[in-house]
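Here the structure is laid out as structure tokens; the discussion comes afterwards.
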Amino acid sequence: MADNKFFKRSIVSIRDFTVDDFTYLFDLTDRIQTLTTNERGEIAKGLILGYIFYEYSTRTRLSFESAMASIGGRSLGISDIDSSSIMKGESYADTIKTISLYSDVVLIRHPSDGSSRYASEISDKPVINGGSGSEEHPTQAMLDVYTIFKEKKRVDGLSIGIIGDLKYGRTVYSLIYALSNYDVNIHLVSPSMLKIRNESIYDIANNMKMFHHTELTDDLLKELDVMYVTRIQRERFPDLQEYKKIQGLYNIDENVLKRCKSDVSILHPLPRVDEISSSIDNTKNAVYFKQASYGKELRSALLSALLHEKPF
Ligand code: CP
């Protein structure tokens with residue numbers, strides 16, 4: 001097995017990691033699932049994950065907590081900042097510093113771009129970016145690419161559609177950065193007001209096969225091996241009237257599915273609102289809940305690699 005490049009490192013941006021690092025992590029994710037409960041429960045015995053979420057979360061927080069418990073560690077954290085001393089005026093820097101005193105690794109979600117990078121400079125312990133503004137969500141991209149591997153047995157050569165809110169969706173950026181390590185066709189589908197931020201991908205766009213669309217045409221749907229659907233990020237719109245103009249624009253349902261390749265895999269970082277109909281949840285193409293479950297396994301492997309040079 002390759003060297004562990006995750007040991008004691010902060011996970012701020014997916015761009016800090018190479019395709020070899022992804023391969024190492026994905027192998028570790030496969031291997032951790034073969035351990036017995038007892039073997040797995042020894043990995044992080046006596047170690048603590050500390051977290052703070054300045055924004056709502058279901059999957060990221062709970063999958064990390066579940067992952068840490070499954071490897072024998074514990075979690076403590078703040079999921080409601082109204083109950084913390086931030087309400088007394090404590091600074092972000094002092095808050096992060098304090099959490100790092102009580103933990104072995106610190107998980108943060110924050111509405112500002114750059115918040116995790118800044119935290120990693122303050123924290124005494126490695127920081128994991130659990131979502132920073134519209135910037136990045138690196139562990140989501142790791143599990144997204146892992147899911148594509150599990151479904152398709154490869155990433156190279158695939159046509160991948162990324163659909164929805166490409167302007168504000170942080171998972172979109174981390175995924176595109178991750179996919180820039182592979183030979184893929186990327187089809188970006190969004191209304192014009194939610195197009196990809198070119199300034200965030202300018203250095204990789206020329207080396208990627210990237211195509212822009214505003215509609216899910218028959219020709220496009222017949223091409224895609226993977227559809228990565230995203231929620232329109234209502235909370236990031238400066239003007240809610242603008243959100244209402246494009247709310248519900250793309251809806252993946254049985255009628256759309258009939259126009260796709262029969263083996264298309266549909267992924268979504270979740271939560272969904274109205275962009276994927278629940279009527280397709282039980283089809284073989286709907287992978288989004290399996291993807292969420294891989295979140296626990298991949299984060300267990302990631303925490304193990306971050307906490308131990310030889311994880312298990
Ligand atoms: N995918 C994701 O980040 O989900 P949560 O917002 O529920 O954590």
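Remember, it's a predicted structure, so these values are computed and weren't measured experimentally. First listed ligand is number 1; within each ligand, the first listed atom is number 1.
Between Pro269 and ligand 1, at least one pair of N/O atoms sits closer than 3.5 Å. Considering backbone and side-chain atoms together, Arg61 places no N or O closer than 3.5 Å to any N or O of ligand 1.
Using cut-offs of 30° and 60° for the angle between ring planes, the Phe26 and Tyr146 rings count as tilted. Taking the six-membered ring for Trp and thresholds of 30 and 60 degrees, Tyr24 and Phe6 have nearly parallel ring planes, at less than 30 degrees apart.
For ligand 1, the atoms closer than 4.0 angstrom to any heavy atom of Leu270 are 1 (N), 2 (C), 4 (O). Residue Thr58 has at least one heavy-atom neighbour below 4.0 Å for each of these atoms of ligand 1: 5 (P), 7 (O), 8 (O).
His110 has its ring centre no less than 6.0 Å from the ring centre of Phe53.
Cluster note: Met87 groups with no other residue, as no ILVMFWY side-chain heavy atom lies under 4.5 Å from it.
The closest protein non-hydrogen atom to atom 6 (O) of ligand 1 is Arg109 NH1, 2.9 Å.
Under 3.5 Å, the side chains of Ser13 and Glu136 contain a donor-acceptor pair of N or O atoms.
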